Amino acid sequence: MKTPPPKADRRTAILDAAEAEFSAHGFDGVTLRTIAKRAGVDLALPNYYFGPKKQLFDAVFIRRAEIVNQWREDALKAAIEAAKPRPPTVEAIIRAYLEPMLTGPHLEDQGWKNYYALVAYVNNSPGWGGRLMAEHFDPLIRQFLDALRLSLPGMDEKDLFWGYQCFSGALTLALAQTGRIDHLSGGVCQSDDLADACEHMVHFIAGGFEAARRAAPAALPAPPARRRSARGTAA
């Protein structure tokens, strides 16, 4: 076993090790023994700090979710403020959602690469996505959906939510960085170039929402007012 980390850093070391293992092998492919060995700590410490493996998995997921949510909330507020007194454009809303995640120096940190792979895994897992994504990301996502409603007045709710489903799927695949697009494009695109993915996704996703709004059936005009006779009855 490698030299144990200082006592004050052991909790972080366990989270980092668990994040790397879960992102690479999923929940079922990882044991607390593997995590402890990677973290350089005693086997009993992961359970001591976090409890059973499921609780450790939750702790790993929550740790950076709080940071991502704050980044995106700040970006959305800035977009709304910059557009006043009008609503922000659809593109500005999508940028506020994507750019904090897919651009910036944090992408050079292996821990963030591991976390994004973990988010992709969770969002594609029925056993985890319905709970963890809903619990830790949906409250903020509802703020983005509210902003889209203001920018796309009259958009059908079903179109709005299916649009978000398509959006979430595209983001999930980008976060997974599987390398498939590298081979498919013959190297023209690189799956680890998240900033490039961001720029293309912004235009594509914004265009998709706007197209769905344009394709929605126009609202039926209000029926004409009925004439009233001299006696005050409807004609």
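Keep in mind the model is a prediction, meaning the values are calculated, not measured.
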Do you reckon [X] sits in the same ILVMFWY cluster as [Y], going by side-chain contacts under 4.5 Å, direct or chained?
{"X": "Met133", "Y": "Leu173", "result": "no"}
{"X": "Ile62", "Y": "Val68", "result": "no"}
{"X": "Phe161", "Y": "Leu140", "result": "yes"}
{"X": "Phe167", "Y": "Trp162", "result": "no"}
{"X": "Leu45", "Y": "Phe22", "result": "yes"}

Indicate the atoms forming the closest heavy-atom contact of [X] with [Y], along with that distance.
{"X": "Pro46", "Y": "Leu56", "answer": "CB-CD2, 4.5 Å"}
{"X": "Ala36", "Y": "Leu43", "answer": "CB-CA, 3.8 Å"}
{"X": "Ala13", "Y": "Ala39", "answer": "O-CB, 3.6 Å"}
{"X": "Cys198", "Y": "Leu98", "answer": "SG-CB, 3.9 Å"}
{"X": "Thr103", "Y": "Glu99", "answer": "OG1-O, 2.6 Å"}
{"X": "Val60", "Y": "Tyr115", "answer": "O-CE1, 3.9 Å"}

Whether [X] side chain and [Y] backbone form a donor-acceptor pair below 3.5 Å:
{"X": "Ser191", "Y": "Ile181", "value": "no"}
{"X": "Tyr49", "Y": "Thr12", "value": "no"}
{"X": "Gln55", "Y": "Phe50", "value": "yes"}
{"X": "Tyr116", "Y": "Leu107", "value": "no"}
{"X": "Asp196", "Y": "Gln190", "value": "no"}
{"X": "Lys53", "Y": "Phe27", "value": "yes"}
{"X": "Gln177", "Y": "Ala174", "value": "no"}

About how many Å separate [atom2] of [Y] and [atom1] of [X], when rounded to the nearest 0.5 Å?
{"X": "Leu76", "Y": "Ile94", "atom1": "CG", "atom2": "CD1", "answer": "10.5 Å"}
{"X": "Leu150", "Y": "Leu145", "atom1": "CG", "atom2": "CG", "answer": "11.5 Å"}
{"X": "Glu21", "Y": "Leu32", "atom1": "CD", "atom2": "CG", "answer": "11.5 Å"}
{"X": "Arg64", "Y": "Leu15", "atom1": "CZ", "atom2": "CG", "answer": "9.0 Å"}
{"X": "Phe144", "Y": "Glu73", "atom1": "CZ", "atom2": "CD", "answer": "8.5 Å"}
{"X": "Asp193", "Y": "His200", "atom1": "CG", "atom2": "NE2", "answer": "9.5 Å"}

Does the side chain of [X] reach to within under 4.5 Å of the side chain of [Y], using non-hydrogen atoms?
{"X": "Val122", "Y": "Phe57", "result": "yes"}
{"X": "Met201", "Y": "Leu194", "result": "no"}
{"X": "Val119", "Y": "Thr172", "result": "no"}
{"X": "His106", "Y": "Ile67", "result": "no"}
{"X": "Asp159", "Y": "Arg213", "result": "no"}
{"X": "Leu148", "Y": "Met155", "result": "no"}
{"X": "Glu66", "Y": "Gln70", "result": "no"}
{"X": "Leu171", "Y": "Leu102", "result": "yes"}

Heavy-atom count around His25 NE2 within 6.0 Å, excluding the residue itself: above 12?
yes
Give a yes or no on this: more than 12 heavy atoms of other residues, nucleotides or ligands lie within 6.0 Å of atom CZ of Arg149.
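More than 12 within 6.0 Å, yes.
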Is the gap between the ring centers of Phe137 and Phe61 under 6.0 Å?
yes
The test is side chain to side chain contact (heavy atoms under 4.5 Å, CB included); show your working for Tyr97 and Tyr164 and say whether it passes.
CA-CA 12 Å; Tyr97 193 100; Tyr164 177 74; 2.8 Å; yes
Side chain to side chain contact (heavy atoms under 4.5 Å, CB included), that's the test. Do Val41 and Arg11 meet it? Break it down for me.
CA-CA 10 Å; Val41 301; Arg11 192 176 188 279; over 6 Å; no
Any ion pair linking Lys77 and Asp74 (charged N to carboxylate O, less than 4.0 Å)?
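No.
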